[in-house]
Amino acid sequence: MSCRTRFAPSPTGFLHIGGARTALYCWLEARRRGGTFILRIEDTDRERSTQESVQAILDGMQWLDLAHDEGPYYQAQRFDRYAEVAHELVRAGKAYFAYETREELDAMRERQMAQNLKPRYDGHWRTRQGDPPPDRPRVIRFANPVDGVVAWNDMVKGRIEISNQELDDLIIWRSDEHPTYNFAVVVDDVDMRITDVIRGDDHVNNTPRQINIYAALGATQPVFAHLPMIHGPDGAKLSKRHGAISVMQYRDDGYLPHALLNYIARLGWSHGDQELFSREQMISLFRIGDVNRSASRFDFDKLAWVNQHYLKTDSPESLAPHLEWQLRAAGIDPASGPAAADVIVALRDRVKTLKEMAARARVWFEPLTVYDEQAVAKHFAGRAGEALHAVRAQLHALAAGDWQPASIDSAIKAAATAIGEGVGKVAQPLRVAMTGTAVSPSIEHTVYLAGQSEALRRIDQALAKLA
RNA sequence: GUCCCCAUCGUCUAGAGGCCUAGGACACCUCCCUUUCACGGAGGCGACCGGGGUUCGAAUCCCCGUGGGGACGCCA
C-alpha cells in the first residue's frame with residue numbers, strides 16, 4: 001500500500017513554525033516514498049474556525065511551496081458522515097447516549113481533582129437503562145475498553161503503552177450535533193486511507209483513545225509518528241512574545257522560503273553533520289524514523305546564517321523577484337534604480353536578510369540627501385577635494401559601455417595614482433559622496449550601482465559641500 | 001494531583017557498548033586578509049543532569065532521583 005500522509009491544521013490562526021515543520025515532514029515522507037500528501041482543514045469547532053485562518057494556512061503552504069496532492073478537505077463538509085458513523089457505533093453497542101449537564105460534569109471533575117485523582121467520566125449512562133430524562137443535553141460517548149492496555153510503536157518515540165484505566169468514555173458527538181476532534185480525526189483518517197499519522201507530540205495522549213476507536217470501527221490503524229515541540233529561545237512554548245510566529249512573518253522579515261524550510265528541517269532531524277540541504281536532498285535523505293525524540297529551541301541566529309548562505313549561493317536572477325518584493329514592501333519602486341540582480345551581487349555578503357538588503361539598497365533608488373556627519377568630517381578632509389576631482393575626471397571619461405565594476409575599479413586606481421595617494425584616500429571620500437556614509441559595498445560596486453550620470457552628480461554634490 | 005514524554009557544548013546536533021582525549025554547525029573570542037562594512041581563511045572557548053547498577057569496558061543498556069515539557073474539555 002502506498003504511503004498517504006496528511007497535514008491537518010485547525011483554522012484558528014495562521015500557519016506557525018511548529019505547523020510548518022509538521023507539514024514539511026509529512027510532505028517529505030510522502031514525496032520520498034512516492035506517496036500522497038493530503039491537506040485537511042479541521043474546522044469542527046465553528047466558534048473558533050475562521051475563513052481568514054484557512055486562507056492564512058493556504059498562503060503559508062504556498063509560500064513554502066509545500067503542495068498537497070489531495071484536498072483541502074474540510075471537516076465541516078463531512079458532518080453527515082460523522083453522524084452516520086457515530087450512530088452506527090451506538091447501534092453496535094460501542095457507544096451510548098449520555099445526559100449529564102456541563103455543570104454536573106464540572107462538579108464531577110472538581111471532586112476527582114480534590115481527591116488527587118485524574119478526572120474521568122464515571123460511565124453513569126454506559127449501563128443505565130430506562131427513559132432518558134427530558135430537557136437535558138444529549139451526547140454520544142464512546143464505550144472505551146475498561147481494562148487492558150493500548151500500545152503502539154511510535155516512529156519517533158518508540159513503544160508507548162498506556163492502561164485503559166487511564167482513559168474514560170470520551171464524547172464523540174456533542175449535544176449541538178457536532179462531532180468532536182478525536183472522533184472526526186479517526187473517521188477521516190480511515191476514510192482517507194491515511195497510512196502515516198505525523199503530528200505534534202501534544203497528541204500523544206489522544207492516540208490511545210483514537211486507537212480504541214479504530215478498533216471499534218474494525219479499521220486497521222496507521223503508523224503514528226509524534227514530533228517533539230519547538231520552543232522559543234527561552235525554552236518556553238513558541239509564542240508571539242518571541243517575535244515571528246506566523247510563517248508569513250518570515251517572508252516579511254526577509255527570509256527565503258527554502259532557508260526557513262532548511263532550518264526547520266534540521267530542528268529535530270539530522271543527517272550526520274550535514275547542515276545544508278536542497279529540496280531534492282531533503283526528499284531523498286529524510287526518514288521520519290530518524291527524527292529526534294526531544295524538543296528543540298528556535299534559534300534566530302542560525303536561521304539567519306542559513307538564510308545568508310542561500311543569499312550568497314543562489315543565482316542573483318532567482319533571488320531578484322524576492323528582493324523586488326521586499327523593495328516594494330519598503331515603499332521603493334524597483335524600477336527607479338539599478339537591476340535587482342546587481343544589487344544582490346553587491347550586498348549579499350553583507351546582510352542576513354532580504355529586508356536588510358532592501359533597506360541598504362534604498363540609497364541607489366532615491367536621491368542622496370542625508371550625510372553622516374562623522375563620515376563627512378573624517379573623509380571630506382585633507383586632499384578629499386583633489387581626490388574627488390581626479391576620480392570624477394576618470395569616471396567621466398569612461399564610455400557608457402565600460403560602466404562596469406572592473407573598469408570603475410581601474411578608474412579609481414588611476415585617480416589615486418594621479419594624485420600620488422593610496423586607493424583608500426580616493427575610495428573613502430568617494431564612498432561618502434556616493435552614499436553619505438562610510439559604510440557600503442566594495443567601492444566599485446557602490447559607484448556602479450549609482451549609474452554613471454548619478455555617480456557624477458553625487459560627486460558634484462559632494463564637491464559643492466566641500467567648498 | 002494523576003498519567004505520558006524528554007534529558008550530549010549557550011543553541012541545533014553526531015553518537016545505536018570499545019572507533020570518544022566526545023565530532024560538526026550557529027553564536028562568542030583571537031589572529032590573518034582588507035580602501036569601509038562584510039565575506040573568506042586559521043585557531044580558541046565550550047557538553048555526556050545526579051546517583052546506583054549490568055559489563056573486562058557505558059554518553060550509549062537497566063533502576064531511582066532531579067529537572068523540563070505535554071495531556072487530563074460537549075478545543076483541536
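Within every chain, numbering begins at 1; the chains are lettered A, B, ... in the order of the sequence lines, protein sequences first and strands thereafter.
Put simply, the side chain of Asp43(A) and the base of rA76(B) share no donor and acceptor less than 3.5 Å apart. Scanning atom types as modelled, one donor and one acceptor separated by under 3.5 angstrom connect the side chain of Ser175(A) and the base of rC74(B).
Every residue meeting the side chain to side chain donor-acceptor pair (under 3.5 Å) condition with Arg46(A), not counting sequence neighbours, appears here in chain and number order: Asp176(A), His178(A). With sequence neighbours left out, the ring-ring contact (aromatic ring centres under 6.0 Å, His included) criterion links Phe183(A) to no other residue. For His445(A), there are no ring-ring contact (aromatic ring centres under 6.0 Å, His included) partners two or more places apart in sequence or in a different chain. Phe286(A) is linked by a ring-ring contact (aromatic ring centres under 6.0 Å, His included) to Tyr25(A), Trp269(A), counting only residues two or more places apart in sequence or in another chain.
Nucleotides rC5(B) and rC9(B) place their C1' atoms 24 Å apart, quoted to the nearest Å. Nucleotides rC49(B) and rA14(B), compared at atom P, are 14 Å apart to the nearest Å. Using C1' as the reference atom, rA71(B) and rG52(B) are 31 Å apart when rounded to the nearest Å. Of the C1' atoms belonging to rA47(B) and rU13(B), the separation is 12 Å, rounded to the nearest Å. When the C1' atom is used for both rC56(B) and rG17(B), the distance is 12 Å, rounded to whole Å. The same atom, C1', is picked in rG24(B) and in rG70(B); the two are 31 Å apart, to the nearest Å. Atom C1' of rC32(B) sits at a distance of 42 Å from the matching atom of rA16(B), rounded to the whole Å.
Around atom CD of Glu177(A), more than 12 heavy atoms belonging to other residues, nucleotides or ligands sit under 6.0 Å away. Remark: Glu373(A) CD is loosely packed, at most 12 non-hydrogen atoms of other residues, nucleotides or ligands lying under 6.0 Å away.
Salt bridge present: Glu454(A) and Arg458(A) bring a charged side-chain N and a carboxylate O closer than 4.0 Å. Taking the charged nitrogens against the carboxylate oxygens, Asp349(A) and Lys312(A) have no contact shorter than 4.0 Å, which rules out a salt bridge. Look at Arg40(A) and Glu42(A) and you find a salt bridge, because one of the NZ, NE, NH1 or NH2 atoms lies within 4.0 Å of a carboxylate O, short of that distance. A salt bridge links Asp189(A) to Arg6(A): at least one charged side-chain nitrogen sits closer than 4.0 Å to a carboxylate oxygen. The pair Arg78(A)-Asp191(A) meets the salt-bridge criterion, since a charged nitrogen lies less than 4.0 angstrom from a carboxylate oxygen.
Nearest-nucleotide assignment on RNA chain B puts the 5′-proximal partner with Tyr263(A), out of Ser442(A) and Tyr263(A). Mapping Trp305(A) and Val423(A) onto RNA chain B via the closest heavy atom, the residue that lands nearer the 5' end is Trp305(A).
The salt bridge (Lys or Arg N to Asp or Glu O under 4.0 Å) contacts involving residues 266-275 of chain A comprise Arg266(A)-Glu275(A), Glu275(A)-Lys302(A), where partners must be two or more places apart or lie in separate chains.
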Between the protein and nucleotides 19-24 of chain B, are there any N/O to N/O pairs under 3.5 Å, and if so, what are the atom names and distances?
{"residue": "rG23(B)", "atom": "N2", "partner": "Asp273(A)", "partner atom": "OD1", "Å": "2.8"}
{"residue": "rG24(B)", "atom": "N2", "partner": "Glu275(A)", "partner atom": "OE2", "Å": "3.1"}

Could you write out each protein N or O paired with an N or O of nucleotides 41-49 of chain B at a distance under 3.5 Å?
none

Could you go through nucleotides 2-5 of chain B and list every protein N or O atom that sits under 3.5 Å from one of its N or O atoms, giving the distance for each pair?
{"residue": "rC3(B)", "atom": "O4'", "partner": "Glu166(A)", "partner atom": "OE1", "Å": "3.4"}
{"residue": "rC5(B)", "atom": "O2'", "partner": "Lys157(A)", "partner atom": "NZ", "Å": "2.9"}

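If you measure from atom CD1 of Ile230(A) to atom P of rG70(B), you get 14 Å, rounded to the nearest angstrom. Computed from coordinates, the Gln112(A) CD to rG73(B) C1' distance equals 13 Å when rounded to whole Å. Rounded to a whole Å, the CD atom of Gln210(A) is 15 Å from the C1' atom of rC72(B).
A close approach under 4.0 Å does not occur between any side-chain nitrogen or oxygen of Thr180(A) and OP1 or OP2 of rC74(B). Regarding contacts with the backbone of rA76(B), a side-chain N or O of Thr44(A) is found under 4.0 angstrom from either OP1 or OP2. Put simply, Lys425(A) has no side-chain N or O that comes within less than 4.0 Å of OP1 or OP2 on rU36(B).
Nucleic acid contact class of Ser440(A) (heavy atoms, under 4.0 Å, all strands): base. Within 4.0 Å (heavy atoms only), Asn292(A) reaches sugar-phosphate atoms of the nucleic acid but no base atom. Counting any heavy atom pair closer than 4.0 Å across all strands shown, Lys378(A) reaches no nucleic acid atom. Nucleic acid contact class of Arg109(A) (heavy atoms, under 4.0 Å, all strands): sugar-phosphate only. Residue His178(A) is out of contact with every strand shown, counting any heavy-atom pair closer than 4.0 Å.
The pairing partner recorded for rC39(B) is none, the criterion being a Watson-Crick or G-U wobble arrangement whose two distances lie under 3.5 angstrom. The nucleotide rU60(B) finds no pairing partner, because no Watson-Crick or G-U wobble arrangement with both distances shorter than 3.5 Å includes it. Of the nucleotides present, rA71(B) is the one that pairs with rU2(B) by Watson-Crick or G-U wobble criteria, both distances under 3.5 Å. The partner of rA7(B) is rU66(B), judged by Watson-Crick or G-U wobble contacts that both fall below 3.5 Å.
Against RNA chain B, the stretch residues 139-156 of chain A makes heavy-atom approaches under 4.0 Å through Val139(A). A heavy-atom distance below 4.0 Å to RNA chain B is reached by these residues of residues 427-438 of chain A, ordered by number: Ala427(A), Gln428(A), Arg431(A), Ala438(A).
Test Gln210(A), His203(A), Arg209(A) against Asn182(A) for side chain to side chain donor-acceptor pair (under 3.5 Å) and you get one pass: Gln210(A).
Distances were taken from every side-chain heavy atom of Asp301(A) (C-beta onward) to each of rC26(B), rG69(B), rC74(B); the shortest belongs to rC26(B). The side chain of His231(A) has rG69(B) as its nearest neighbour among rA76(B), rG1(B), rG69(B). Taking the side chain of Asp299(A) as heavy atoms from C-beta on, and the options rG69(B), rC26(B), rA76(B), the nearest nucleotide is rC26(B). With rU36(B), rA7(B), rU13(B) as the choices, the nucleotide that has an atom nearest any side-chain atom of Ser270(A) turns out to be rU13(B).
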Listed pairs under 3.5 Å, donor-acceptor, residues 293-301 of chain A side chains, sequence neighbours left out:
{"residue": "Arg297(A)", "atom": "NH1", "partner": "Pro233(A)", "partner atom": "O", "Å": "3.1"}
{"residue": "Asp299(A)", "atom": "OD1", "partner": "Asp301(A)", "partner atom": "N", "Å": "3.0"}

Do any side-chain atoms of residues 410-420 of chain A form donor-acceptor pairs under 3.5 angstrom with protein atoms, and if so which ones, sequence neighbours left out?
{"residue": "Ser410(A)", "atom": "OG", "partner": "Ala406(A)", "partner atom": "O", "Å": "3.2"}
{"residue": "Lys413(A)", "atom": "NZ", "partner": "Asp409(A)", "partner atom": "OD2", "Å": "2.9"}
{"residue": "Thr417(A)", "atom": "OG1", "partner": "Lys413(A)", "partner atom": "O", "Å": "2.9"}

